[in-house]
Each structure stands twice: as C-alpha cells, then as structure tokens.
Amino acid sequence: MAETRRKLTTIFSADVQDYSRLMRADEEGTLATLKRYRDAMTRLIEAHGGRVINTWGDGLIADFPSVVEALRAAIDVQSELAGYNAKTMDGVPMQFRIGINLGDVITEEDDIYGDGVNVAARLQASAPAGGIVISNTVYDQVRNKVAVGFEFLGQLEVKNIDGGVPSYSVRIGTADDVAGGSERQGEWGRPAGQPAQPAPPVATTTRLAGLTSRLLGTLAVVGAGLAALNLLTWQGTFWAAWPILGLAVLAALRWVRADTRIDPAIGTLAVTGLTFVAINALSWRGVFWAVWPLLAIAVAAGIRWVTRQRDGARR
C-alpha cells in the first residue's frame, strides 16, 4: 500500500446560495452565469497563488500555500462578483458563500481529503450570501495582515471534532466600499497590476459591539438597583455584593467574547481568576485561599499562550 501523503494547506470552499431555486427559475441562464462567475473565481484564485482542486455542481474547492493570499482571493472574489450582480439585467443575483480553513490534509493525485476540507465546507455553509467565514487557525494568521474587520461567531459545530471550531465572519464592506477599492491598492502591499481590492471597512465589529454595550448598560442598571434596594432596607449586611458580583462576571464574559483581540480561552480564565479573588475578598476570614485556584488558572493560561505562539510559529 502506498504511503499516505499529507500537507498543511489553506482550504478555500465556495458554494452558491439558493442554487436550487435559481435553477428552478431559469436553468440555462443559471448555468451560463455559474460558468462566468466560476471562471472569474478561478482567475482570481490563480492570481493569488491558489489552485482550483475540484468543482462539483455549484461548489468549488481550492487550496493556497499562503493563508493571507487565500483571504485576499476570497475578498477579491466577493468584490468582483458583487459588481457582476449589480449589473445583472434580470435583477436575480448569484451570490457565493466562502469558507476558509487552515488544516492538515491528505493529498492523493490532484485532490485533497480530511477534516481540514470538511471544516472549510462547514464554514462555507454557515456564511451569509456574499460573505466569508474563516476558522480560528486562519484568523490567527491574518488578523494583523489584512485590512478588514472580523466578528467572532462562537464555536461552530463540526462532525468528528469535539468542542467545535471557533469561527469568524470577515467584514468586507458594502458595495460602496467595493466601488472605491481600486484607489487603495497600496494598503494591501501588492503591485498596481493586481486585482482591485475593496475599501477597508471599520475594523470594529459594530453590531456585536452595540449589543454588548446595551447588555453591559442593562447589567449596570440592575446592579445599581440592587445596591439601592440593599441600602434602603439596610439591616447591617451588604447582601447585594453577591448578585452584583454575578452580574459583573456575566458582563466580563460578554466583553471577552465581543473583543476579537482577546483569545477567548485566556480571557475566560482571567475572568475566572478575578471571580475567585472577589469571592475570597467578600468572604474574608483572614486567609487568602484564592491563591491556589489562581495558580492553577495561571498555569492553564500559560499553556494556552505557549501553544498559540508555537502553532503560529509553525505555520
């Protein structure tokens, strides 16, 4: 039996949103549009050093030696296809969903197999029409190298992968952003001959930030109300400290989830450690017992940090 060959690569998976509906409405027109859009996608993938591996139905799989170029190719694809859709005479757009994952795969002739490919396909299925969703392994490599924003989507459930895969949505701007992209190619560090890029959107995750701000405000109001109730019914004990602590923990965990600059695992460990310190302080009996769980948390956070650094250096 021939030895199995493997490689670490960036997998790019694309699929058409509502393809069956488009085919029911106009088979010949849909196939013609699919061919034109797929040709454009292939051209842009190859321009970024990628390789189309397989096409089936309305789907496409490609791989890239560079994670950054894979994301740039995806942004170029969505930008160019958005331009095509804006000029569609019948007003029926064909929009692709794109998922990108960095993983170890099995190679056989010109095809690739394995969980890395399955994860990319699952990310693609979770993307909105015209959107891009990436795994945490991709995010770790591109977050400071590509001028786009990211929104943490949480753990994406994937078959045969315990705990799921942390995923991020790529904020690539609106159609107006795309129209002005050719004036900002220098920000992407590529020669003028390369395909035009979309205008970089604001890097903050506006929608999630708004939800977080409202939640934090609500928790602050509830906490203030509990404190006022405790003072108005004062009997010598500040019992409101405990529910306020619970509200503070919820607020901190929400903030950690909303801020994509913070590793979710390390952020959660930090909140847990501060919670132990607060409990120790509120129930003080002359012993700082929180030092022991803090030590365990510090070790876990250190392991997480070292692992992230090692994985980043390896890739």
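Computed from heavy atoms alone, side chains included, the values below leave out hydrogens, waters and symmetry copies.
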**Non-hydrogen side-chain atoms of N118 and D115 separated by less than 4.5 Å** = yes
**Request:** Examine R171 relative to F150 and say whether NZ or CZ is less than 6.0 Å from the centre of the six-membered ring and inside a 45° cone about the ring axis.
**Result:** no
**Prompt:** Is a side-chain donor or acceptor of K87 paired with a backbone partner of G83 at a separation under 3.5 angstrom?
**Reply:** no
**Message:** Check for me, please, whether Y113 and V117 land in the same ILVMFWY cluster - side-chain distances under 4.5 Å, paths through other members count.
**Reply:** no
**Prompt:** Roughly how far, to the nearest 0.5 Å, is CD1 of I266 from CZ of R304?
**Reply:** 6.5 Å
**Request:** Please report the closest heavy-atom contact between L226 and P243, naming both atoms and the distance.
**Result:** CD1-CB, 3.7 Å
**Message:** Please evaluate residues D58 and Y37 with respect to the criterion side chain to side chain donor-acceptor pair (under 3.5 Å), reporting the C-alpha separation (whole Å), side-chain torsions for both, the decisive distance (0.1 Å), and the verdict.
**Reply:** CA-CA 10 Å; D58 58 318; Y37 282 24; over 6 Å; no
**Request:** Begin from the C-alpha positions of L60 and N54 and carry the test side chain to side chain contact (heavy atoms under 4.5 Å, CB included) through to its verdict.
**Result:** CA-CA 6 Å; L60 178 147; N54 204 346; over 6 Å; no
**Salt bridge present between D39 and K35 (N-O < 4.0 angstrom)** = yes
**Request:** Assess whether side chain to side chain contact (heavy atoms under 4.5 Å, CB included) is satisfied between N136 and F152, documenting all intermediate values.
**Result:** CA-CA 9 Å; N136 62 318; F152 182 57; over 6 Å; no
**Message:** To check you understand the geometry: which heavy-atom pair defines the closest contact between S13 and A120, and what is its length?
**Reply:** CB-O, 3.7 Å
**Any donor-acceptor N/O pair, N280 side chain to F276 backbone, under 3.5 Å** = no
**Request:** For the pair R43 and E80, find out whether any cationic side-chain nitrogen is under 4.0 Å from an anionic carboxylate oxygen.
**Result:** yes
**Item:** Nearest non-hydrogen partners of T9 and L102, listed with the distance
**Value:** O-CD1, 3.3 Å
**Asked** Is V16 close to R97 at the side-chain level, that is, under 4.5 Å between some pair of heavy atoms?
**Response** no
**Prompt:** Are the side chain of Q78 and the backbone of G131 linked by a donor-acceptor contact shorter than 3.5 Å?
**Reply:** yes
**Asked** Do you reckon V249 sits in the same ILVMFWY cluster as V221, going by side-chain contacts under 4.5 Å, direct or chained?
**Response** no
**Prompt:** Near W284 CH2, under 6.0 Å, is it more than 12 heavy atoms from other residues, nucleotides or ligands?
**Reply:** yes
**Prompt:** Checking side-chain contact (heavy atoms from CB on, under 4.5 Å) against D63, which of I53, I45, V52 comes through?
**Reply:** I53
**Message:** Within this structure, what is the CG-CD distance for the pair L22 and Q95, rounded to the nearest 0.5 Å?
**Reply:** 9.5 Å
**Request:** May I ask whether L274 and W242 are part of the same hydrophobic cluster, defined by side-chain heavy atoms of I, L, V, M, F, W, Y residues being less than 4.5 angstrom apart, directly or through others?
**Result:** no
**Request:** Kindly work out whether a path of hydrophobic side-chain contacts (I/L/V/M/F/W/Y, heavy atoms less than 4.5 Å apart) joins I61 to F96.
**Result:** no
**Request:** Given side chain to side chain contact (heavy atoms under 4.5 Å, CB included), test I112 with I106 step by step and report yes or no.
**Result:** CA-CA 5 Å; I112 58 176; I106 298 172; over 6 Å; no
**Item:** Distance-minimising heavy-atom pair for G164 and P166
**Value:** O-CD, 4.1 Å
**Asked** Taking it one step at a time, do I100 and I98 satisfy side chain to side chain contact (heavy atoms under 4.5 Å, CB included)?
**Response** CA-CA 7 Å; I100 304 177; I98 296 176; 4.1 Å; yes
**Asked** Considering all heavy atoms of both residues, which atom of V105 and which atom of G116 are nearest to each other, and what is their separation?
**Response** CG1-CA, 4.3 Å
**Prompt:** Would you find a donor on one side and an acceptor on the other, under 3.5 Å apart, between the side chain of N101 and the backbone of I11?
**Reply:** no
**Item:** CG on D140 to OG on S135, rounded to 0.5 Å
**Value:** 8.5 Å
**Prompt:** Do the side chains of F12 and I132 get nearer than 4.5 Å, heavy atoms only?
**Reply:** no
**Request:** Any chance you could measure L81, atom CG, to R38, atom CZ, to the nearest 0.5 Å?
**Result:** 12.0 Å
**4.5 Å side-chain heavy-atom contact, L294 and F288** = yes
**Prompt:** For I244 and A227, which heavy atoms make the closest approach, and how far apart are they?
**Reply:** CD1-CB, 4.1 Å
**Prompt:** Between D26 and G29, is there a donor-acceptor pair closer than 3.5 Å when you use the side chain of the first and the backbone of the second?
**Reply:** yes
**Prompt:** Quick one: do V67 and L44 end up in the same hydrophobic cluster if we chain Ile, Leu, Val, Met, Phe, Trp and Tyr together by side-chain heavy atoms under 4.5 Å apart?
**Reply:** yes
**Complete:** Here the gap from R122 atom CZ to S167 atom OG, rounded to the nearest 0.5 Å, amounts to 8.5 Å
**Asked** Side chains of T30 and M94: closer than 4.5 Å at any heavy-atom pair?
**Response** yes
**Request:** Let me know which of V138, L123, L156 forms a side-chain contact (heavy atoms from CB on, under 4.5 Å) with V133.
**Result:** L123
**Prompt:** How many angstroms lie between atom CZ of R36 and atom CE of M41, to the nearest 0.5 angstrom?
**Reply:** 12.5 Å
